[in-house]
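All heavy atoms count here, side chains included; hydrogens, waters and symmetry mates do not. Remember, it's a predicted structure, so these values are computed and weren't measured experimentally.
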Amino acid sequence: MTARSFTFAAGESGSWRIVKMRTIVGPPLAEAPRLNVTDGVVASAGGRVAWALQGVTSNERYVTRSERSRLVAKQEAPGRSDATRAALIPIRKNATWWDLPQDQRRRIFETQSRHIGIGLEYLPAVARRLHHCRDLASHEPFDFLTWFEFAPSDEGLFNDLVERLRATEEWKYVDREVDIRLSRDRN
């Protein structure tokens, strides 16, 4: 069975080395040298932890059947041996976004911003997994934890993807975002 819940804990240990953390908007996260990604939402990340973020994978809320089919056909799963670079980008959207009805959020997300369309252009080079935080019982500081993995040779593609998404109408609703870049040794 595939895990649905995940904890991202920054501290002294973890399989990913934190290369760079950049606050895009809102408060920063505490600096740490390593990131541990654990299957499951855990009550305590253990050890000396600078921060721990929790999220769950869920149904895709803004995609049509056709878009989902194209995503599934083209994307690779995280965990490829050549994908030794990653990015964890926690995002929170403002109250104005969440006050919009679902159809208006969908219109901004895809019709105006082309979020899915842009993302499809970078698959399969960039693997991605979205974690939802809003529905967890505990109060999480972000709405989404976006996880991306890619080969070092595809880092430029990933940077282009993120730059294009941040220039869209949708990003006007983001009030907290931290870009955390990671590296790990080959499996």
Side-chain angles (χ1 to χ4, degrees), residues 2 4-6 8 20-29 37 53-78 80 83 85-136 138-151 153-182:
T2 303
R4 289 195 58 232
S5 56
F6 295 85
F8 299 85
K20 178 172 67 170
M21 288 180 55
R22 184 169 69 109
T23 301
I24 307 302
V25 63
L29 289 169
V37 181
L53 303 174
Q54 301 178 0
V56 295
T57 58
S58 183
N59 62 308
E60 291 128 345
R61 291 171 170 89
Y62 300 118
V63 297
T64 64
R65 182 185 315 239
S66 170
E67 291 163 343
R68 185 178 190 288
S69 294
R70 287 184 298 181
L71 285 166
V72 168
K74 197 171 179 184
Q75 72 184 355
E76 295 281 341
R80 296 175 296 180
R85 299 294 184 273
L88 172 63
I89 304 179
I91 295 172
R92 183 180 69 209
K93 292 187 175 174
N94 62 29
T96 302
W97 173 262
W98 295 110
D99 287 343
L100 294 171
Q102 178 82 0
D103 62 329
Q104 284 185 284
R105 289 196 309 262
R106 162 65 192 187
R107 192 170 28 259
I108 294 166
F109 179 81
E110 187 56 26
T111 306
Q112 294 175 351
S113 298
R114 292 194 58 252
H115 189 116
I116 297 163
I118 291 170
L120 277 163
E121 295 176 35
Y122 297 89
L123 298 177
V126 176
R128 55 124 181 110
R129 186 173 59 221
L130 178 65
H131 305 86
H132 298 266
C133 310
R134 285 180 64 85
D135 298 333
L136 295 175
S138 65
H139 177 72
E140 291 295 316
F142 295 95
D143 296 324
F144 308 100
L145 306 176
T146 55
W147 177 258
F148 303 93
E149 291 182 14
F150 44 90
S153 60
D154 292 322
E155 191 160 4
L157 284 174
F158 177 72
N159 291 336
D160 186 57
L161 166 66
V162 173
E163 183 178 311
R164 287 180 65 193
L165 288 173
R166 286 183 181 136
T168 65
E169 180 71 21
E170 178 190 358
W171 249 254
K172 293 178 182 176
Y173 296 90
V174 173
D175 70 2
R176 188 171 186 199
E177 178 183 3
V178 180
D179 189 326
I180 305 159
R181 299 301 174 98
L182 308 141

*Asks:* Can you see which heavy atom on A87 is nearest to which on R181, and at what distance?
*Replies:* CB-CD, 3.8 Å

*Asks:* Out of curiosity, R129 CZ to E149 CD, how far, rounded to the nearest 0.5 Å?
*Replies:*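 Answer for the CZ-CD pair, R129 versus E149, is 7.0 Å.
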
*Asks:* Is any side-chain heavy atom of I24 closer than 4.5 Å to a side-chain heavy atom of V174?
*Replies:* no

*Asks:* If you look at every heavy atom in C133 and E140, which pair is closest and at what distance?
*Replies:* CB-CB, 3.8 Å

*Asks:* Testing L88, V56, T57, I89 one by one against L145 for a side-chain contact (heavy atoms from CB on, under 4.5 Å), which residue passes?
*Replies:*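 Among the candidates, only L88 passes.
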
*Asks:* Out of curiosity, L53 CG to I180 CD1, how far, rounded to the nearest 0.5 Å?
*Replies:*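 Answer rounded to 0.5 Å: 7.0 Å.
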
*Asks:* Can you name the closest pair of heavy atoms from L161 and G119 and give their distance?
*Replies:* CD1-CA, 4.0 Å

*Asks:* Please report the shortest heavy-atom distance between A127 and P78, naming the atom on each side.
*Replies:*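 Minimum heavy-atom separation between A127 and P78: CB-N, 4.0 Å.
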
*Asks:* Show the nearest heavy-atom pair for residues A125 and D154, with the distance to one decimal.
*Replies:*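 Heavy-atom minimum between the residues: CB-OD2, 3.6 Å.
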
*Asks:* With a distance cut-off below 6.0 Å to the six-membered ring centre and an angular limit of 45° from the axis, does R105 pair with Y173 as a cation-pi contact?
*Replies:* no

*Asks:* Taking only Lys NZ, Arg NE, NH1 and NH2, and the carboxylate oxygens of Asp or Glu, determine whether K172 and E169 approach each other closer than 4.0 Å.
*Replies:* yes

*Asks:* For the NE2 atom of H115 and the CZ atom of R164, what is their distance to the nearest 0.5 Å?
*Replies:* 11.5 Å

*Asks:* Might you work through the side chain to side chain contact (heavy atoms under 4.5 Å, CB included) test for R166 and D179, ending with a clear yes or no?
*Replies:* CA-CA 12 Å; R166 286 183 181 136; D179 189 326; 3.0 Å; yes

*Asks:* For the residue pair S5 and Q54, establish whether any side-chain heavy-atom pair is separated by less than 4.5 Å.
*Replies:* no

*Asks:* Please report the shortest heavy-atom distance between R80 and F150, naming the atom on each side.
*Replies:*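 Of all heavy-atom pairs spanning R80 and F150, the closest is NH2-CA, 4.2 Å.
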
*Asks:* So, taking the atom named OG1 in T146 and the one named CD1 in I91, what distance separates them when rounded to the nearest 0.5 Å?
*Replies:*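 With rounding to 0.5 Å, OG1 (T146) is 4.5 Å from CD1 (I91).
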
*Asks:* If you measure from CG on L29 to CZ on F8, what distance do you get to the nearest 0.5 Å?
*Replies:*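 Result: 12.5 Å between the selected atoms.
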
*Asks:* Quick one: do the R134 and H132 side chains pair a donor with an acceptor below 3.5 Å?
*Replies:* no

*Asks:* Step by step, would you call W147 with F6 a ring pair (Phe, Tyr, Trp, His ring centres under 6.0 Å)?
*Replies:* CA-CA 11 Å; W147 177 258; F6 295 85; 9.0 Å; no

*Asks:* Is the shortest distance from a Lys or Arg side-chain nitrogen in E121 or R114 to a carboxylate oxygen in the other one below 4.0 Å?
*Replies:*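 Salt bridge: yes.
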
*Asks:* How many angstroms lie between CZ in R128 and CG in L130, if you round to the nearest 0.5 Å?
*Replies:* 7.5 Å

*Asks:* Strictly by modelled atom types, are W97 and D143 linked by a side-chain donor-acceptor pair under 3.5 Å?
*Replies:*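 No donor-acceptor contact under 3.5 Å links the two side chains.
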
*Asks:* Quick check on side-chain contact (heavy atoms from CB on, under 4.5 Å): which of F144, F142, W171 does E177 satisfy it with?
*Replies:*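 Going through F144, F142, W171 one by one, the side-chain contact (heavy atoms from CB on, under 4.5 Å) with E177 is satisfied by W171 alone.
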
